[in-house]
Amino acid sequence: MSKETTPPVSPAILAPAGNKSSFLAALAAGADAIYCGLKRLSARMAAENFSIDDLTALTQLAHEEGTEVYVALNSLLKPEDLLRAGRLLYELEQRVHPDALIIQDLSMVQLVRQTGFSGELHLSTLANVSFPGALKHVKDTLGIDRVVIPRELNIDEIKTMAGACPEDFGIEVFVHGALCYGVSGRCYWSSYMGGRSGLRGRCVQPCRRAYRQLAAPERTFSCQDLSLDVLTKTLLAVPEIKAWKIEGRKKGPHYVYHTVKAYKTLREGGREPGNWATAKKEALDLLSRSLGRTGTHFNFLPQRPQLPIVTRGQTGSGMLMGRMKGSKHRPFIQPRESLMSGDVLRVGYEDEPWHTLYTVKKFIPKKGHMTLIRSSGKRFAPGAPVFLIDRREKTLQEMISERERKLDGIPVTPAGDSFPAIALPHRSGKRKMMVTQNVYRLPVKKAEHPIGVWLSRDACRQVGKAGGDRIWWWLPPVMWPEDTGKHQKLVQKALKNNGRNFVLNAPWQIGLFRNVKGLNIWAGPFCNAANGLAIQMLETMGFKGVVVSPELGQSDFLDLPGQSPLPLGIVISGNWPLCVSRVLSEEIQTETLFTSPKGEQAWVREYESDFWVYPNWKIDLTTYQGVFQKAGYCLFVHLFEPIPKGIEMKKRPGLWNWDVDLL
């Protein structure tokens with residue numbers, strides 16, 4: 001099967017698709033490229049997603065219409081996932097022929113090489129490539145063609161990132177869609193509360209719950225949607241931006257069609273000054289009818305940043321049609337706008353487990369009367385909000401149906417019987433002595449064993465040259481463009497003071513140590529290493545050891561040493577953040593407990609330009625240290641965080657996912 005695509009206009013309008021109708025709506029809107037996920041190993045597992053058979057026909061249809069297809073295999077991979085991921089890659093190459101893969105886990109680079117995938121590799125925003133010095137490193141070391149940069153960057157930082165792009169390399173910028181409170185790849189909130197990892201596409205959005213702090217009204221960390229809309233005009237002057245990305249793989253075809261049309265209109269209007277006023281008006285009208293959340297420009301304009309957090313109440317995608325009225329036995333809605341047959345309603349907010357979808361069966365006039373009955377026979381509670389979340393206009397449905405008929409005529413290539421053998425790494429024959437390491441914000445002068453210290457100006461000043469090999473310098477999990485120079489100077493100061501041991505919390509930070517010999521550099525726990533092939537890639541990059549992802553379950557922890565070519569460490573106890581964020585509501589006080597409806601408590605502390613959210617109970621796997629040591633772990637890390645005055649840590653098991661496994 002040959003690809004009949006032509007290179008998309010740059011920047012390409014990159015549309016989301018979580019189901020067949022949304023995929024076809026993106027084609028109908030004229031998207032330059034579409035990204036979608038499989039039913040496994042995608043970072044949006046709540047979307048319907050696609051089988052290999054689905055994507056075979058859809059991709060051929062897209063190529064016939066001149067549209068590229070990117071497949072997101074951007075999940076964190078556990079040891080048991082590697083063979084499955086390899087087979088999926090092989091089938092994609094043999095049957096689907098996507099133009100690119102979107103990946104997060106470093107193991108995918110190895111699997112791509114082993115299975116012969118021929119498309120481009122795009123590094124997901126979950127990989128947290130957040131500073132300009134990382135770009136050349138990911139291209140040269142990993143063979144990456146494009147990086148999806150964080151949503152938190154402003155236009156000046158985006159231009160700085162673009163200016164650091166090597167030849168034949170590009171960046172991708174989110175222009176519209178949902179915002180997470182935590183920095184992508186640095187949020188463990190959902191996993192910490194019950195094993196559903198955002199890094200594996202299963203986030204239950206605990207940040208959107210209503211929290212209470214002191215005697216103040218309930219507040220949330222819930223964010224509005226990103227909507228750069230008219231500000232995208234400034235991005236047209238940055239040729240390294242290869243795509244404007246629209247978030248929304250859980251959204252319906254109406255949203256996809258309207259947002260794609262809007263940003264195509266803005267792109268073309270921005271290139272023709274005489275048409276800008278008309279294009280702007282048309283695009284804003286399309287976005288107002290797209291059924292997303294209320295939009296914000298977020299941090300895009302550094303001189304006029306907008307706080308995206310809705311502190312009081314909840315946010316909901318879709319257009320509010322009203323609230324349930326009447327009694328518990330006969331609740332009804334009088335919609336604010338007319339409803340058409342086929343419209344999809346959601347009762348409640350999407351982050352509430354009881355929310356329900358309802359398809360309208362017949363036309364309901366504005367202010368008409370419609371009774372909603374749940375499929376279980378239970379009625380909805382009075383006062384529940386009702387949102388219009390998808391609409392099948394006749395014209396759009398006809399365009400989708402036309403393409404569905406074309407799909408029926410496309411033969412699906414059957415799966416082959418053979419797959420390449422996936423070569424997995426094995427444990428290194430070298431065994432290291434057990435080492436305990438306590439990690440502090442500021443150094444402890446007297447210690448019987450090596451200590452870890454978060455790299456900072458104050459820490460460098462206090463340690464001086466006396467630290468030597470006794471100190472392991474820990475770098476932060478996020479480095480923003482504006483902070484890169486500062487961190488580079490701190491690294492140089494630590495090296496000048498005889499520092500030789502470093503723990504990096506993004507793999508790309510190793511680029512800060514170019515041409516420095518004789519260092520002992522480990523990948524830290526925020527690198528999210530969770531399988532042997534990822535560790536093998538870290539070895540190739542120059543790391544000497546790895547502190548594995550702390551959100552793994554028991555079987556994953558114990559299987560990993562058998563796959564690891566490097567010595568392994570583990571965070572065995574201490575304060576682990578629920579997330580790291582670049583924003584905080586003015587109504588949330590730092591270093592003061594807030595409480596969820598379920599009684600979960602946490603506090604926020606500011607470090608440099610980020611806000612760390614900590615639960616008031618610790619990880620504690622110390623009971624199993626002997627088990628870990630027998631399995632092959634040699635470095636046991638204890639994280640110590642200064643506890644704010646007045647906050648009492650709860651005595652909880654602190655096993656994280658040890659017993660529940662990582663979903």
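Note that the coordinates shown come from a computational prediction; the quantities given were computed from them, not determined experimentally. Each residue takes its place number in the sequence, starting with 1. Atom set for the values below is all heavy atoms of this structure, side chains included, hydrogens, waters and symmetry mates excluded.
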Where does the angle between the aromatic ring planes of F594 and F221 fall among parallel (under 30°), tilted (30 to 60°) and perpendicular (over 60°)?
-> tilted

Just do the side chain to side chain contact (heavy atoms under 4.5 Å, CB included) check on N128 and N528 with the steps written out, would you?
-> CA-CA 11 Å; N128 192 247; N528 300 320; over 6 Å; no

When the ring centroid of F640 is compared with that of W454, is the distance short of 6.0 Å?
-> no

Main-chain N/O of F526 paired to N505 side chain as donor or acceptor, under 3.5 Å = yes

Would you mind checking if R209 and E600 are paired as a salt bridge, meaning a charged N to carboxylate O distance below 4.0 Å?
-> yes

Are there more than 12 heavy atoms of other residues, nucleotides or ligands under 6.0 Å from atom CZ of R196?
-> no

Heavy atoms, side chains only, cut-off 4.5 Å: are L533 and L77 in contact?
-> no

Using a distance-only test with no angle check, is there a side-chain donor-acceptor pair under 3.5 angstrom linking D105 and S107?
-> yes

S197 side chain to E551 side chain, donor-acceptor N/O pair below 3.5 angstrom = yes

In plain terms, say whether E152 and R186 are close enough for a salt bridge, that is, a side-chain N and a carboxylate O under 4.0 Å apart.
-> no

Residues S191, N657; criterion side chain to side chain contact (heavy atoms under 4.5 Å, CB included); working and verdict | CA-CA 8 Å; S191 176; N657 294 324; 3.0 Å; yes

From the options R200, R40, R87, select the one residue that forms a salt bridge (Lys or Arg N to Asp or Glu O under 4.0 Å) with D81.
-> R200

Between W522 and W472, how do the two ring planes meet: parallel, tilted or perpendicular, split at 30° and 60°?
-> perpendicular

Mind checking side-chain hydrogen bond (donor to acceptor under 3.5 Å, both in side chains) for T436 and listing every partner two or more places apart, or none if nothing turns up?
-> none

No-hydrogen, no-angle side-chain donor-acceptor test under 3.5 Å, Q437 and W474 = yes

Report the residues that fulfil side-chain hydrogen bond (donor to acceptor under 3.5 Å, both in side chains) with H638, sequence neighbours left out, ordered by chain and then residue number.
-> S573

Kindly indicate, with the supporting measurements, whether the criterion side chain to side chain contact (heavy atoms under 4.5 Å, CB included) is fulfilled by K251 and T259.
-> CA-CA 11 Å; K251 299 293 181 68; T259 52; over 6 Å; no

To the nearest 0.5 Å, what is the distance between OG (S549) and NZ (K78)?
-> 11.0 Å

Donor-acceptor pair, Q563 side chain versus G532 backbone, under 3.5 Å?
-> yes

Taking the six-membered ring for Trp, are Y255 and H176 parallel (under 30°), tilted (30 to 60°) or perpendicular (over 60°)?
-> tilted

Assign the ring pair Y188 / W656 to parallel, tilted or perpendicular, where the plane angle (0 to 90°) is split at 30° and 60°.
-> perpendicular

